[in-house]
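Below: the structure, in structure tokens.
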Amino acid sequence: METKPTEIGCSKMFGGYNKRFKHFSPTLGCSMTFHIYFPPSPSPSSKFPILYWLSGLTCTDENFIIKSGAQRAASAEAVALIAPDTSPRGLNVEGEADSWDFGVGAGFYLNATQEKWKNWRMYDYVVKELPKLLSENFPQLDTSKASIFGHSMGGHGALTIYLKNLDKYKSVSAFAPIANPINCPWGQKAFTNFLGNNQAAWEEYDATYLISKFHDVSATIIIDQGEDDKFLDDQLLAHKFEEACRSVNAPLLLRMQPGYDHSYFFISTFIDDHIRHHAQALML
């Protein structure tokens, strides 16, 4: 089983390259794919800071690369984009694909503690395995300069991973994140199955709870949220996170965007702002 990444796809875009890789993940116990967008390189010795994108429910590593249009700004800002998958795949655990909001394509960026779902360790995959893999195999990437962002479930992942690892990431932003999962149906379903009924364990993966503990953030947290997003009021709960940030004076810019929904049409409209925000933090 090859842990070293093998290139399985390549497309030129805005002077750089989208490249897709496959490798065996010891953390997850299965083969995984991920994308890197390499911006155009001014010289062979150039090293790029990296920006991780975490995708939402049902997504693979391809959705963001194909739909977001992020490569234009990443090329201009000389930032590499890293897009992993959203869960382990091919493990054939009973029930893993029974519903679109849990299991395959829905790993919630946590480390499961329940025996049945023990391979669902996307937190360790994103925070530990993937950076090490990138550092060891891609000399053109400067993994010491990293930021993170994401959408919906991936926005939840980005916020929680950032807050628990302020030494590893320069900045965070999100589109329509699941900002208070212990209080929404998606989060309750995932946490019950992955983590059991231990509420303390749930809180470790809830951005609204974590901001009260880890609020010494150096860069403003940016969240874009569509006002016409059908999931806003019962699943995403951006205002709960806003209240929590306000209570500890954590710098948050929550932009409510009139008329926008939960889709990549919304994401692609505002993606350049996010990439410029992270590029600025990464260059400091």
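Quick note: residue numbers are just sequence positions, from 1.
Aromatic ring centres of Phe270 and Tyr260: separated by under 6.0 Å. Taking the six-membered ring where the residue is Trp, the centroids of Trp186 and Phe231 are separated by under 6.0 Å. Taking the ring centroids of Phe64 and His151, they lie at or beyond the 6.0 Å cut-off. If you look at Phe175 and Phe266, their ring centroids are closer than 6.0 Å.
The 12-atom threshold is not exceeded at CD of Gln280, counting heavy atoms of other residues, nucleotides or ligands nearer than 6.0 Å. Heavy-atom contacts from other residues, nucleotides or ligands closer than 6.0 Å to NZ of Lys118 number 12 or fewer. Within 6.0 Å of CD on Glu94 lie no more than 12 heavy atoms contributed by other residues, nucleotides or ligands.
The hydrophobic cluster containing Phe38 does not contain Met283, counting ILVMFWY residues as joined when their side-chain heavy atoms lie under 4.5 angstrom apart, directly or transitively. Hydrophobic clustering of Ile, Leu, Val, Met, Phe, Trp and Tyr side chains at less than 4.5 Å, counting indirect connections, unites Phe108 with Trp120. Linking ILVMFWY side-chain heavy atoms closer than 4.5 Å, directly or via other members, places Phe48 and Leu133 in two distinct hydrophobic clusters. Both Leu57 and Ile161 are assigned to one and the same hydrophobic cluster, defined by single-linkage of ILVMFWY side chains at heavy-atom distances under 4.5 Å. Note on Ile222 and Val248: separate hydrophobic clusters, where clusters join Ile, Leu, Val, Met, Phe, Trp and Tyr whose side-chain heavy atoms are under 4.5 Å apart, directly or indirectly.
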Exercise for the section: List the steps, then state whether ring-ring contact (aromatic ring centres under 6.0 Å, His included) holds for Tyr52 with Phe34. Expected result: CA-CA 11 Å; Tyr52 294 96; Phe34 63 90; 9.9 Å; no
Problem - Residue pair Lys213, Glu204: steps toward the salt bridge (charged side-chain N to carboxylate O under 4.0 Å, His left out) verdict - result: CA-CA 10 Å; Lys213 291 170 58 177; Glu204 288 301 306; 3.0 Å; yes
Exercise for the section: Starting from the C-alpha separation in whole Å, work towards a yes-or-no answer on salt bridge (charged side-chain N to carboxylate O under 4.0 Å, His left out) for Lys189 and Asp101. Expected result: CA-CA 8 Å; Lys189 177 179 180 177; Asp101 57 0; 2.6 Å; yes
Problem - side chain to side chain contact (heavy atoms under 4.5 Å, CB included) evaluation trace for Leu236 with His262 - result: CA-CA 10 Å; Leu236 305 176; His262 197 66; 3.9 Å; yes
Practice task
Starting from the C-alpha separation in whole Å, work towards a yes-or-no answer on ring-ring contact (aromatic ring centres under 6.0 Å, His included) for His156 and Tyr205.
Solution key: CA-CA 8 Å; His156 141 78; Tyr205 297 105; 7.3 Å; no
Exercise for the section: Output, in order, the C-alpha distance, side-chain angles, deciding distance and verdict of side chain to side chain contact (heavy atoms under 4.5 Å, CB included) for His35 and Ile82. Expected result: CA-CA 6 Å; His35 267 90; Ile82 316 293; over 6 Å; no
Practice task
May I have the step-by-step check of ring-ring contact (aromatic ring centres under 6.0 Å, His included) for Tyr109 and Tyr125, ending in yes or no?
Solution key: CA-CA 9 Å; Tyr109 304 102; Tyr125 179 74; 9.6 Å; no
Practice task
Test Trp117 against Phe102 for ring-ring contact (aromatic ring centres under 6.0 Å, His included), laying out the working first.
Solution key: CA-CA 11 Å; Trp117 304 104; Phe102 176 78; 4.8 Å; yes
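Gln71 places a side-chain N or O within donor-acceptor distance of the main-chain N or O of Ile65, the cut-off being under 3.5 Å. Not one N or O on the side chain of Ser87 forms a donor-acceptor pair closer than 3.5 Å with the backbone of Gly107. Put simply, the side chain of Asn165 never gets that close to the backbone of Lys168: no donor and acceptor are under 3.5 Å apart. In this structure a side-chain-to-backbone donor-acceptor pair under 3.5 Å is missing from Asn63 to Cys59. Not a single donor-acceptor pair under 3.5 Å links the side chain of Gln114 to the backbone N or O of Asn193. Proximity of a side-chain donor or acceptor of Ser31 to a complementary backbone N or O of Phe24 within less than 3.5 Å is not detected. The backbone N or O of Glu62 sits less than 3.5 Å from a side-chain atom of Thr60, completing a donor-acceptor pair. Side-chain atoms of Glu96 come within 3.5 Å of backbone N or O of Val93 as a donor-acceptor pair. With hydrogens and angles ignored, the 3.5 Å screen pairs a side-chain donor or acceptor of Ser25 with a backbone N or O of Leu28. With hydrogens and angles ignored, the 3.5 Å screen pairs no side-chain donor or acceptor of Glu77 with any backbone N or O of Ala279.
The side-chain heavy atoms of His278 and Val79, taken from C-beta on, include no pair separated by under 4.5 Å. Contact of the Pro5 side chain with the Phe138 side chain is registered, since non-hydrogen atoms from C-beta on lie closer than 4.5 Å. For the pair Leu51/Phe149, a side-chain contact is recorded, criterion being any heavy-atom separation below 4.5 Å from C-beta on. Between Tyr37 and Ser75 the shortest side-chain heavy-atom distance falls below 4.5 Å. Counting only heavy atoms from C-beta outward, the side chains of Leu141 and Ile36 approach each other to under 4.5 Å. No side-chain heavy atom of Met122 sits under 4.5 Å from any side-chain heavy atom of Thr86. Using a 4.5 Å heavy-atom threshold, the side chains of Ile271 and Trp53 count as touching. Side-chain contact between Leu237 and Asn183 is present, with heavy atoms from C-beta onward closer than 4.5 Å.
With rounding to the nearest 0.5 angstrom, the CD atom of Glu203 is 9.0 Å from the CG atom of Asn198. Between the OG1 atom of Thr220 and the CG atom of Leu252 there is a distance of 8.5 Å, given to the nearest 0.5 Å. Rounding to the nearest 0.5 Å places CG of Asp142 at 9.0 Å from CG of Leu282. With values rounded to the nearest 0.5 angstrom, Leu195 atom CG is found 5.0 Å from Thr113 atom OG1. With rounding to the nearest 0.5 Å, the separation of OG1 in Thr160 from CG in Asp206 is 9.0 Å. Here the CD1 atom belonging to Ile178 is positioned 11.0 Å from the CG atom belonging to Leu159, to the nearest 0.5 angstrom.
Paired with Asp61 under the rule salt bridge (charged side-chain N to carboxylate O under 4.0 Å, His left out), one option of Arg89, Lys19, Arg20 passes, and it is Arg20.
Closest non-hydrogen pair, Ala78 versus Pro49, comes out as O-CD, 3.5 Å. In plain terms, the two heavy atoms of Gly56 and Ser152 that are nearest each other are CA-CB, 4.5 Å. Annotation for Asp272 and Ala73: closest pair OD1-CB, 3.6 Å, computed over non-hydrogen atoms. Across all non-hydrogen atoms, the minimal contact from Thr143 to Ser135 is OG1-CB, 3.6 Å.
Both tests do not hold together for Lys164 against Tyr169: distance to the six-membered ring centre under 6.0 Å, angle to the ring axis within 45°.
Checking Thr3 against His23 by side-chain atom types alone, no donor-acceptor pair falls below 3.5 Å.
Residue pairs meeting the salt bridge (charged side-chain N to carboxylate O under 4.0 Å, His left out) criterion with at least one partner in residues 29-55, sequence neighbours excluded, do not occur; the list is empty. Sorted by first and then second residue, the side chain to side chain donor-acceptor pair (under 3.5 Å) pairs with a member in residues 232-241 read His239-Glu242; sequence neighbours excluded.
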